[in-house]
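To keep things clear, I will list the structure first and then write my remarks on it.
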There are 2 protein chains.
Amino acid sequence: MTAPTHEQEPASGTDIDDEVLGLLRRADQRYTTGRRKLVAALQEGDGPLTINQILDVDDTLAQSSVYRNLMILEQVGAVVRIVTRDEFARYELAERLTEHHHHLICTSCGDVADFALDDRVEATLDRALHKAADTAGFAVDGHRLDLLGTCGSCD
Amino acid sequence: MTAPTHEQEPASGTDIDDEVLGLLRRADQRYTTGRRKLVAALQEGDGPLTINQILDVDDTLAQSSVYRNLMILEQVGAVVRIVTRDEFARYELAERLTEHHHHLICTSCGDVADFALDDRVEATLDRALHKAADTAGFAVDGHRLDLLGTCGSCD
DNA sequence: TCGGGGTTGAGAACCGTTATCAATCCCAAA
DNA sequence: TTTGGGATTGATAACGGTTCTCAACCCCGA
Ligand SMILES: [Mn+2]
Ligand SMILES: [Mn+2]
Ligand SMILES: [Zn+2]
Ligand SMILES: [Zn+2]
C-alpha cells in the first residue's frame with residue numbers, strides 16, 4: 001500500500017469485467033458479448049476513444065449497437081462520455097473501474113491521452129475546489145481537469 | 001496591485017470593445033453592430049452562454065449570424081467555444097478579455113457558472129501540470145478545470 | 001454619389017447521434 | 001433438452017445542433 005487516496009481501490013486486470021457485470025446486473029441488464037468487446041476495446045486505449053476509434057479496434061462491432069451500449073454502460077456507471085473540442089464524443093471506463101486521472105488534449109490533432117497528478121496536488125486542489133464551491137452554494141460531485149496544448153506527435 | 005498573476009492585466013469595462021476591435025482589425029474583419037451586440041450579450045452572463053441564451057438576451061440577433069459571428073470571433077481570439085455535457089455548445093469571452101477562471105457545471109440543469117481559484121493554488125497547479133506534461137512530451141497551452149455537481153437552484 | 005466587396009439572414013444541407021423495428025439471441029421455465 | 005418470450009442486435013430512418021448557400025443589404029472608400 002502507498003499513500004492513501006481519496007477513493008477506494010479501483011478494479012484492475014480482468015475483474016473489471018466482474019465489476020461491470022455487477023453494475024449491469026443491478027440495472028437488470030445483461031453483459032453480452034458485444035458489451036464485453038466494447039469494454040475490452042476501451043481498456044486498450046491509453047485515453048478516451050471515439051466511436052470510430054472503437055470500431056477500428058474491433059470491426060466486428062456494429063455502429064448502432066456501439067452507440068446504444070455505450071449509452072447503457074454510461075447509465076449504469078461503467079463508462080463516461082467525454083466531449084473535448086472537436087465534434088466527436090469520446091468514451092472511457094469510469095474512474096470506479098480505473099483510477100482518477102486527467103486528459104492531455106492536443107489542439108492540433110485532437111487526440112486525447114491520460115495523465116495523473118500527484119496525490120498531494122490532488123488533495124490541495126480538492127480542498128481549494130470545495131472551498132470555492134461552498135461559497136457558491138454548489139455541491140461538488142467531482143472535477144475535470146484537462147491540459148490543452150500540442151502532443152508529441154504534432155511537434 | 002495585488003499578488004502578481006501569471007498573465008497580463010485583462011481589459012475591463014467597455015474597452016473590451018477596443019480590444020475586440022483590434023483583434024478583428026488584425027484579421028481584416030469589421031466590428032459590426034451584430035458583433036458588438038454579441039459581445040455585449042456575452043458580457044452580461046455570469047458564465048458561458050448557449051446560442052439560445054444569447055438569442056434570449058438579444059432577440060434582434062439572427063441565429064445564423066450568431067453562429068457565424070461566434071465562429072469568427074473565436075478564430076480572432078475574442079471568444080472561446082465550450083462544450084460541457086449536454087448537446088449545446090457555450091460561448092464566452094476569451095480570458096485575454098476577462099480573467100482566468102473555471103466553471104461550475106450543474107449536472108442537473110446543465111447551467112454553467114464561473115468561479116476562480118486562489119492565485120497560490122493556480123500556481124501550484126500550473127507547476128504540477130507542466131511537470132506532468134513534460135514527462136509526456138506535451139507542450140502546454142493552458143488548462144481547463146471544471147467542477148461537476150449540483151447548483152444552488154437545483155438543491 | 002456611386003461602386004463593389006463585406007455582411008446579413010432565411011433556409012437548405014450536413015453529420016454525429018438517437019429512435020425504430022423486424023430478426024435474432026438467450027435465459028428460464030417446463 | 002425443448003420451448004416460449006422478453007431482451008438484444010443492427011440496418012436504416014429520423015432527429016437536431018451546427019454549418020453552408022446565396023441573394024439582398026450594408027458600409028466604406030474613391
Ligand atoms: Mn484531479
Ligand atoms: Mn486555473
Ligand atoms: Zn497531436
Ligand atoms: Zn442546476
Side-chain angles (χ1 to χ4, degrees), chain A residues 17 20-42 48-76 78-92 110-112, chain B residues 20-21 23-42 48-76 78-92 110-112:
Chain A
D17 276 325
V20 174
L21 176 61
L23 291 170
L24 285 168
R25 282 268 170 81
R26 211 164 307 162
D28 287 308
Q29 293 279 351
R30 299 177 186 169
Y31 197 13
T32 61
T33 307
R35 292 172 187 174
R36 284 179 194 277
K37 289 202 260 187
L38 205 39
V39 169
L42 292 178
L49 268 45
T50 65
I51 300 291
N52 284 335
Q53 287 174 329
I54 291 172
L55 294 176
D56 285 345
V57 170
D58 189 336
D59 59 359
T60 69
L61 295 172
Q63 190 191 53
S64 63
S65 297
V66 169
Y67 271 113
R68 186 186 334 100
N69 284 329
L70 283 174
M71 208 156 21
I72 290 170
L73 287 168
E74 190 189 19
Q75 288 167 358
V76 156
V79 158
V80 176
R81 175 196 167 105
I82 293 169
V83 185
T84 55
R85 298 195 79 78
D86 50 38
E87 56 252 273
F88 307 102
R90 289 157 202 274
Y91 295 84
E92 68 178 4
D111 203 59
V112 182
Chain B
V20 174
L21 176 60
L23 290 170
L24 284 168
R25 282 268 170 80
R26 212 165 304 161
D28 287 308
Q29 294 278 351
R30 298 177 187 169
Y31 197 14
T32 61
T33 307
R35 293 173 186 172
R36 284 178 195 276
K37 289 202 260 187
L38 205 39
V39 169
L42 292 178
L49 267 45
T50 65
I51 299 292
N52 283 336
Q53 287 173 330
I54 292 171
L55 295 176
D56 285 345
V57 170
D58 189 337
D59 60 0
T60 69
L61 295 172
Q63 190 190 55
S64 62
S65 297
V66 169
Y67 272 114
R68 184 183 337 100
N69 284 329
L70 283 174
M71 208 157 20
I72 290 170
L73 287 169
E74 190 189 20
Q75 290 166 356
V76 156
V79 159
V80 176
R81 175 196 166 106
I82 293 169
V83 185
T84 57
R85 299 194 79 78
D86 50 36
E87 56 252 275
F88 308 103
R90 287 157 202 275
Y91 296 84
E92 67 180 3
D111 204 58
V112 182

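This structure is a prediction, so every number in the text was calculated from the model and none was measured. Below, chain A is the first sequence line, B the second, and so on; all start at residue 1.
Nearest to the side-chain atoms of B/Ala89 among the listed nucleotides C/dT17, C/dA19, D/dT18 stands D/dT18. Here the side chain of B/Phe88 is nearest to one of C/dT7, D/dG17, D/dC20, namely D/dG17. The side chain of A/Asn69 approaches D/dT9 more closely than any other nucleotide in the set D/dT19, C/dG9, D/dT9. Of the candidates D/dA11, D/dT19, C/dT17, D/dT19 carries the atom nearest the B/Arg81 side chain, counting heavy atoms from C-beta on. Side-chain proximity of B/Arg30 to the nucleotides C/dG6, C/dT8, C/dT17 is greatest for C/dG6. Side-chain atoms of A/Met71 lie closest to C/dA19 of the nucleotides C/dA10, D/dA7, C/dA19.
A cation-pi arrangement is absent between B/Arg25 and B/Tyr31 under the rule of less than 6.0 angstrom and at most 45 degrees off the ring axis.
A/Leu73 places its CG atom 15 Å from the C1' atom of D/dT9, with the value rounded to the nearest Å. Following rounding to the nearest Å, B/Lys37 (NZ) and C/dG9 (P) show an atom-to-atom distance of 8 Å.
Distances shorter than 4.0 Å separate some side-chain N or O of A/Arg35 from OP1 or OP2 on D/dT9. Residue A/Gln29 has a polar side-chain atom (N or O) positioned under 4.0 Å from OP1 or OP2 of D/dT8. Between A/Thr32 and D/dT9 there is a side-chain N or O to OP1 or OP2 distance below 4.0 Å. Phosphate proximity of D/dG10 to A/Arg68: absent, as no side-chain N or O sits under 4.0 Å from OP1 or OP2. Residue B/Tyr67 has a polar side-chain atom (N or O) positioned under 4.0 Å from OP1 or OP2 of D/dT18. Distances shorter than 4.0 Å separate some side-chain N or O of A/Ser65 from OP1 or OP2 on D/dG10.
A distance of 11.0 Å separates CZ in A/Arg68 from CG in A/Leu38, rounded to the nearest 0.5 Å.
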